[in-house]
Amino acid sequence: MIQKNVPLKDYTYTKIGGNADYLAIPKSVEELAKAVEFAQKNNLPWMVLGNGSNVLIQDGGIEGLVILTTSLTNMTIENYTITVQAGAPIIEVSQAARDFSLSGLEFACGIPGSVGGAIYMNAGAYGGEIKDVCTYVTVLTSEGKIEKLSADQLGFDYRTSLVPDKNWIVLEVEFELEPGDQTVIKAKMDELTYLRESKQPLEYPSCGSVFKRPPGHFAGKLIQDSDLQGVQIGGAQVSLKHAGFIINKGDATAKDYLNLVHHVQKTVKEKFGVELEKEVRVIGRA
Ligand SMILES: Cc1cc2nc3c(=O)[nH]c(=O)nc-3n(C[C@H](O)[C@H](O)[C@H](O)COP(=O)(O)OP(=O)(O)OC[C@H]3O[C@@H](n4cnc5c(N)ncnc54)[C@H](O)[C@@H]3O)c2cc1C
């Protein structure tokens with residue numbers, strides 16, 4: 001069940017990243033708990049990866065065990081409640097809600113993360129956020145206990161939650177939605193998909209918006225006004241289509257990516273005095 005020395009670029013949206021010393025892809029919560037036990041027994045650090053759409057894994061790979069949740073995808077829908085395992089793509093949950101005429105997850109129809117990653121990041125788009133619809137989250141604690149927490153125990157804030165601080169593994173999530181008109185829900189999702197496809201460089205590997213929105217500004221606008229679009233280091237380029245994205249033109253390394261991130265931060269700081277904070281999680285060995 002546990003593989004050794006596995007390239008992680010196959011599991012990330014940037015198509016960048018060195019090897020995991022060990023990789024587990026559990027098919028059940030029991031297997032996931034066993035993978036954590038394996039790491040603890042062997043004194044290995046461990047971390048969870050969902051869809052790999054908000055991580056930049058460094059070229060030296062990841063020490064210890066990476067637990068990939070993408071096989072944990074069970075979903076049930078009862079009345080207005082969707083209960084779904086952490087590895088399910090949030091896009092599919094949003095589509096299931098539409099198919100059952102449930103409104104509230106339209107905003108998530110183009111966010112390429114897993115449910116667990118969406119909770120970890122309090123993912124959001126076009127005025128909606130995970131915290132608006134999430135009611136309960138079941139986690140595996142670092143002491144090995146399974147606990148069902150209410151949303152207010154998750155400490156959701158702009159693109160953060162308490163998940164990293166508490167070292168929780170998100171196992172399952174409940175979303176409480178509202179009954180809606182399927183035609184209206186579909187029209188909203190089509191509109192958001194059109195906006196995304198026309199504004200974002202989805203034809204290239206990337207990690208989405210690299211930077212958080214600085215208070216009172218838009219990161220993309222600051223980068224654009226700093227004449228940084230098209231600037232390239234190695235295979236990493238500030239997108240010409242959306243300045244907030246850094247794309248992999250084919251052979252970018254994590255080093256290229258990070259050098260470009262630092263160049264953008266430095267230039268924007270010099271020009272506008274604004275600090276751009278990374279939204280993408282940079283992990284692994286340099
Ligand atoms: C083209 C593109 C567009 C995007 N658009 C948006 C957008 O509109 N809005 C937005 O908010 N984000 C957006 N993102 C970023 C990303 O999709 C979200 O942040 C998403 O929530 C990350 O989920 P993931 O499963 O890919 O997480 P990963 O990248 O796999 O992991 C991110 C972090 O979450 C942790 N994690 C993942 N699963 C779990 C779990 N089960 N338990 C505990 N921790 C976990 C990981 O350890 C890691 O630290 C976009 C990304 C791309 C590539």
Side-chain angles (χ1 to χ4, degrees), residues 8 11-17 20 26 29 32 35-36 45-57 62 64-73 84-94 105-132 134 137-142 149 154 156-173 192-193 195-197 199-213 220 239 241-242 244-248 278-284:
L8 289 171
Y11 298 103
T12 62
Y13 264 74
T14 52
K15 300 285 169 234
I16 289 174
V29 168
L32 184 148
V36 174
W46 52 267
M47 66 154 294
V48 181
L49 198 61
N51 271 2
S53 65
N54 201 44
V55 285
L56 179 64
I57 295 179
I62 294 190
L65 175 69
V66 173
I67 303 170
L68 195 71
T69 62
T70 48
S71 294
L72 301 171
T73 57
V84 60
Q85 283 187 309
I90 191 74
I91 290 178
E92 287 179 16
V93 185
S94 168
L105 271 172
E106 294 89 331
F107 76 87
C109 69
I111 300 179
S114 66
V115 165
I119 293 290
Y120 180 107
M121 295 298 300
N122 182 26
Y126 303 111
E129 275 182 301
I130 282 295
K131 75 173 173 57
D132 304 337
C134 166
V137 178
T138 304
V139 299
L140 181 67
T141 68
S142 44
L149 308 170
L154 265 290
F156 287 125
D157 209 334
Y158 175 63
R159 299 297 169 266
T160 77
S161 70
L162 283 177
V163 175
D165 296 354
K166 300 281 188 184
N167 217 4
W168 288 325
I169 297 181
V170 176
L171 300 176
E172 191 177 80
V173 178
L192 298 184
T193 303
L195 282 176
R196 210 175 260 278
E197 286 175 355
K199 297 219 163 100
Q200 299 183 356
L202 302 180
E203 58 281 20
Y204 287 103
S206 80
C207 55
S209 300
V210 177
F211 304 103
K212 293 187 180 186
R213 195 180 55 228
S239 166
K241 195 167 174 186
H242 187 312
F245 279 53
I246 292 180
I247 55 173
N248 177 358
K278 286 192 285 298
E279 179 169 316
V280 62
R281 319 276 309 181
V282 179
I283 52 179

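All residue numbers refer to positions in the sequence shown, counting from 1. Worth saying up front: this structure is predicted, and the values here are computed from it rather than measured. Ligands are counted one by one from 1 in listed order, and the atoms in each one are counted from 1 as well.
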Quick check for you: to the nearest 0.5 Å, what is the distance between Ile57 atom CD1 and Tyr11 atom OH? 11.0 Å
Treating Asn122 as the side-chain partner and Asp157 as the backbone partner, does any N or O pair qualify as donor plus acceptor under 3.5 Å? yes
Nearest to atom 48 (C) of ligand 1 by heavy atom, Ile111, Val55, Val66: which? Val55
N/O of Asn51 under 3.5 Å from N/O of ligand 1, yes or no? yes
Should we say atom NZ of Lys241 is surrounded by more than 12 heavy atoms from elsewhere, each under 6.0 Å from it? yes
Are any of the N or O atoms of Asn54 closer than 3.5 Å to those of ligand 1? yes
In terms of residue, atom name and distance, what is the protein heavy atom nearest to atom 28 (P) of ligand 1? Gly52 N, 3.6 Å
In this structure, atom 1 (C) of ligand 1 is nearest to the protein heavy atom Leu202 CD2, 3.7 Å
What heavy-atom pair brings His242 and Gln200 nearest, and what distance separates the two atoms? CD2-CG, 4.1 Å
Keeping Arg159 on the side-chain end and Gly124 on the backbone end, is there a donor-acceptor pair under 3.5 Å? yes
Nearest protein heavy atom with distance in Å, relative to atom 50 (C) of ligand 1: Pro112 CD, 3.6 Å
Numbering as shown, the atoms of ligand 1 that approach Ala123 to under 4.0 Å (heavy-atom distance): 11 (O), 21 (O)
With heavy atoms of Met121 as the reference, note each atom of ligand 1 found under 4.0 Å away. 19 (O)
Location of contacts on Ser53 toward ligand 1, heavy atoms closer than 4.0 Å: both
If we number the atoms of ligand 1 from 1 as shown, the ones under 4.0 Å from a heavy atom of Ala86 are 41 (N)
Going by the atom numbers of ligand 1, which of them fall below 4.0 Å from some non-hydrogen atom of Ile169? 42 (N), 43 (C)
Is a donor on one side and an acceptor on the other found under 3.5 Å between the side chain of Asn51 and the backbone of Pro112? yes
Please confirm whether the backbone N or O of Tyr120 pairs with a side-chain atom of Ser161, one donor and one acceptor, at under 3.5 Å? yes
Point-to-point distance, once rounded to the nearest 0.5 Å, from CD1 of Ile130 to CD1 of Ile111: 6.5 Å
Quick one: does Ser209's side chain have a donor or acceptor within less than 3.5 Å of a partner on Phe211's backbone? no
Nearest 0.5 Å please: distance from the CD atom of Glu129 over to the CE atom of Met121. 11.5 Å
The protein heavy atom nearest to atom 8 (O) of ligand 1 is Arg196 NH2, 2.8 Å
Output for pair (Cys109 SG, Leu105 CG), nearest 0.5 Å, gives 10.0 Å
Separation between CG (Asn167) and CE (Met47), nearest 0.5 Å, reads 10.5 Å
May I ask which of Tyr120, Phe107, Trp168, Tyr204 has a heavy atom nearer to atom 36 (N) of ligand 1 than the others do? Tyr120
Candidate pair Thr141 and Lys166, rule side chain to side chain contact (heavy atoms under 4.5 Å, CB included), full reasoning: CA-CA 8 Å; Thr141 68; Lys166 300 281 188 184; over 6 Å; no
Please work out which of Ser114, Pro89, Gly208 has its closest non-hydrogen atom nearest to atom 2 (C) of ligand 1. Gly208
Between Cys207 and ligand 1, which residue portion shows a heavy-atom distance shorter than 4.0 Å: side chain, backbone, both, or neither? backbone
Shortest protein contact, atom 10 (C) of ligand 1 (heavy atom only): Gly124 O, 3.4 Å
May I ask you to list the atoms of ligand 1 that are less than 4.0 angstrom from any heavy atom of Arg159? 11 (O)
Give me the nearest non-hydrogen protein atom to atom 46 (C) of ligand 1 as residue plus atom name, then the distance to 0.1 Å. Val48 O, 3.2 Å
Considering distance alone, does some N or O of Gly50 sit under 3.5 Å from an N or O of ligand 1? yes
Subset of ligand 1 atoms that lie under 4.0 Å from at least one heavy atom of Met47: 47 (O)
So which protein heavy atom does atom 27 (O) of ligand 1 come closest to, and at what separation? Gly117 CA, 3.7 Å
Need the ligand 1 atom indices (1-based, order shown) with element for anything under 4.0 Å from a heavy-atom of Ala125. 8 (O)
Interatomic spacing from OG1 in Thr193 to CG in Leu202 - rounded to 0.5 Å: 10.0 Å
Considering only heavy atoms, does Thr12 approach ligand 1 within less than 4.0 Å through its side chain, its backbone, both, or neither? neither
How far is atom 41 (N) of ligand 1 from its nearest protein heavy atom, and which residue and atom name does that atom have? Val170 O, 3.1 Å
